> 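I'd like to ask some things about the structure below.
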Amino acid sequence: MGPYPITNKALMTQADNLKRIWSTLEKVPAGKVVSYGQLADLAGLPGRARLAARALRLAPAERALPWFRVIGANGRISIPKESSGYQRQMERLRAEGVMVNNGRVKMSEYQWQPDLSELLWQLNF
DNA sequence: TGCGTGACGTTTG
DNA sequence: GCAAACGCCACGC
């Protein structure tokens, strides 16, 4: 967390950006999913979907973030289907009641739609 | 100093 | 549904 809570590029370090994304990800409730772009948006980093993806790769394991609740905006799991991560993600999602068919989730049903003012209140970057 | 590469996204055809 | 063309930008080389 930098000294300034505003997305002023000149004052935000990459470490700050990653922390913002991780903090926001922690707020995604079980049984719901968010897209990479949505996660970045909610973290105050509009248009930074790729950064959200990067943040997941770099996420510290001990933080136990719900990385599996992040999928592509098209509702598909974005990890190569031949990878073990693909299977793990599908299992974790199903374990909390999310229906996954052919690596795909129905966004209209499972996408998290947080109350923005409430989220802003909870987050303390 | 480029330049290619990404667990990405939107628009257009 | 699919593919191409952009847009985005941190990072490694």
Side-chain angles (χ1 to χ4, degrees):
Chain A
M1 292 55 79
Y4 303 94
I6 305 302
T7 58
N8 182 323
K9 281 187 181 177
L11 301 173
M12 293 276 299
T13 66
Q14 272 315 102
D16 288 329
N17 288 338
L18 295 181
K19 287 174 186 172
R20 293 173 73 92
I21 290 170
W22 294 334
S23 298
T24 306
L25 176 54
E26 282 176 333
K27 301 296 181 293
V28 182
K32 287 294 176 183
V33 299
V34 289
S35 71
Y36 295 85
Q38 181 191 4
L39 179 58
D41 287 349
L42 294 173
L45 298 166
R48 307 298 306 281
R50 303 190 86 118
L51 182 60
R54 195 183 140 67
L56 296 197
R57 273 200 308 107
L58 302 177
E62 63 271 22
R63 200 160 167 174
L65 294 167
W67 59 272
F68 52 88
R69 294 182 191 139
V70 186
I71 62 181
N74 54 12
R76 294 176 192 262
I77 288 179
S78 291
I79 307 176
K81 53 185 179 303
E82 57 276 11
S83 70
S84 60
Y86 179 92
Q87 285 300 325
R88 285 208 309 278
Q89 182 162 20
M90 205 157 57
E91 288 165 9
R92 297 292 305 265
L93 287 174
R94 285 175 174 159
E96 50 189 47
V98 176
M99 191 92 81
V100 187
N101 298 319
N102 291 317
R104 181 198 252 142
V105 172
K106 189 175 181 181
M107 294 304 266
S108 61
E109 184 172 352
Y110 296 103
Q111 183 169 39
W112 185 39
Q113 282 160 7
D115 176 289
L116 295 180
S117 60
E118 188 177 319
L119 178 63
L120 181 59
W121 178 258
Q122 292 178 46
L123 292 173
N124 52 334
F125 298 125

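Note that the structure is a prediction, hence the values are computed from the model and not measured. Each chain gets a letter, A, B and so on, in the order the sequences are listed, and its residues count up from 1.
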> CD of A/Q14 versus P of C/dC8: gap in Å, rounded?
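Spelled out: CD on A/Q14 to P on C/dC8 is 16 Å.
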
> Just how far, in rounded Å, is C1' of B/dA7 from CD1 of A/I77?
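Going from CD1 in A/I77 over to C1' in B/dA7 covers 11 Å.
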
> Between C/dC13 and B/dA7, how far apart are the two C1' atoms, rounded to whole Å?
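One C1' to the other, the span is 22 Å.
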
> How about A/Q14 and A/N17: does a side-chain donor come under 3.5 Å of a side-chain acceptor?
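Present: a donor and an acceptor within the cut-off.
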
> Evaluate the side chain to side chain contact (heavy atoms under 4.5 Å, CB included) criterion for residues A/R69 and A/E96: first the C-alpha distance (whole Å), next the side-chain angles of each, then the deciding distance (0.1 Å), finally the verdict.
CA-CA 10 Å; A/R69 294 182 191 139; A/E96 50 189 47; 2.7 Å; yes

> Without swapping roles, check the side chain of A/K106 against the backbone of A/Q111 for a donor-acceptor pair under 3.5 Å.
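No.
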
> For the pair made of CZ in A/R50 and P in C/dC6, what is the distance, rounded to whole Å?
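Result: 16 Å.
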
> Please report, rounded to the nearest Å, how far the P atom of C/dC9 is from the CD1 atom of A/I21.
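These atoms are roughly 13 Å apart.
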
> Does a nitrogen or oxygen in the side chain of A/R48 sit under 4.0 Å from OP1 or OP2 of C/dA10?
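So the side-chain polar atoms of A/R48 do come within 4.0 Å of the phosphate oxygens OP1 or OP2 of C/dA10, strictly under.
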
> Kindly state which residues belonging to residues 51-75 of chain A come within less than 4.0 angstrom of DNA chain B, counting heavy atoms of the residue only, listed by number.
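Only A/A53, A/L56, A/R57, A/W67, A/G72, A/A73 qualify.
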
> Let's test this: given Watson-Crick or G-U wobble pairing with both distances under 3.5 Å, identify the partner of C/dC8.
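The answer is none; no pair meets the criterion.
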
> Counting only heavy atoms and a strict 4.0 angstrom limit, can you tell me which residues of residues 83-108 of chain A come near DNA chain B?
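Contacting residues: none.
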
> Scan the side chains in residues 54-63 of chain A for donor-acceptor partners under 3.5 Å anywhere in the protein, sequence neighbours excluded, and list what turns up.
residue	atom	partner	partner atom	Å
A/R63	NE	A/E26	OE2	3.0
A/R63	NH2	A/E26	OE1	3.4

> Shortest non-hydrogen contact from A/M107 to A/I71?
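It is SD-CD1, 3.6 Å.
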
